[in-house]
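Contents: one structure, followed by commentary.
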Amino acid sequence: MNVTKYKTKYLYLITLSYFILAFLNITFALLALVCMAVPFILLFKNREKTWCTNYCPRVDYFSLFRIFKTGFKIPKWFTDERLKKFVFQYFCINVFFIIMSTVMVSRGNFAPIDNIRFLIAFEIPGTLPQLWTPVELPAAIIHLSYRLYSIMFTSSVLGTLLAILFKPRTWCVVCPINTLSTGFLRSQKK
Ligand code: SF4
């Protein structure tokens, strides 16, 4: 990924807004679906990683941590294909769990999980205030919103730590969107 091509500014406000809007209403977390879909729409259209090189708000947010110059080098094991696969598989399991649990909640077979979790398992204490609730929403929507927020929260926390320790784009090495995009582009070349 060519860092010099990354010219956009203030996209990090989108990332910050995403996390803040959930304090108004957790259903804003559904916007994560847009963040997941648009990179692939652009990829299929342009046959290149347009999103990653130009528009990703998250990487713009990680760039804020350029000020931390620890001088640490990214460990070799972090760029190993096995770690990328592991993170990708973990992401797929997470998505599978989200889909299945949302279906079960909508059928009344499963109580909605209305809290934020880090790495699926670790519950963050406390609740989001929900300052704006114009209508009562179905339990499945609330469940799905919290689960998507948890994915975004987890990857942002990990990405922030990596940005501080190493470089702003360190998370991109294992980002599932990057792994999938690279796989797609490789298959096109073949
Ligand atoms: S690899 Fe992931 S975090 Fe990095 S620019 Fe692409 S979508 Fe954003």
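In listed order, ligands and their atoms are each counted from 1. Owing to the predicted nature of the structure, the values given are computational and were not obtained by experimental measurement. Computation of the quantities below employed the complete heavy-atom set of this structure, encompassing side-chain atoms and omitting hydrogens, waters and symmetry-equivalent molecules. One-based numbering along the sequence shown.
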> Considering only heavy atoms of Trp171, which atoms of ligand 1 have at least one such atom less than 4.0 Å away?
Replying inline: 3 (S)

>> List ligand 1 atoms under 4.0 Å from Trp51, heavy atoms only on the residue side.
In response: 7 (S)

> What are the atoms of ligand 1, with element, lying closer than 4.0 Å to any heavy atom of Asn178?
Replying inline: 1 (S)

> Counting each atom of ligand 1 from 1 as listed, which ones have a heavy atom of Cys52 under 4.0 Å away?
Replying inline: 1 (S), 5 (S), 6 (Fe), 7 (S)

>> With a 3.5 Å distance limit and no angle check, can you tell me whether Thr154 reaches the backbone of Leu119 through a side-chain donor-acceptor pair?
In response: yes

> Do you see an N/O/S atom of Cys172, backbone or side chain, under 2.8 Å from atom 8 (Fe) of ligand 1?
Replying inline: no

> Would you find a donor on one side and an acceptor on the other, under 3.5 Å apart, between the side chain of Gln130 and the backbone of Ala22?
Replying inline: yes

>> Between Thr179 and Lys85, does the side-chain hydrogen bond (donor to acceptor under 3.5 Å, both in side chains) criterion hold? Intermediate values first, please.
In response: CA-CA 8 Å; Thr179 306; Lys85 269 187 195 164; over 6 Å; no

> Do the ring planes of Phe153 and Tyr149 sit parallel (below 30°), tilted (30 to 60°) or perpendicular (above 60°)?
Replying inline: parallel

>> Whether the side chain of Arg147 engages the backbone of Phe97 through a donor-acceptor N/O pair (distance < 3.5 Å, no angle test) should be reported.
In response: no

> Looking at atom 6 (Fe) of ligand 1, is one of the N, O or S atoms of Cys175 less than 2.8 Å from it?
Replying inline: no

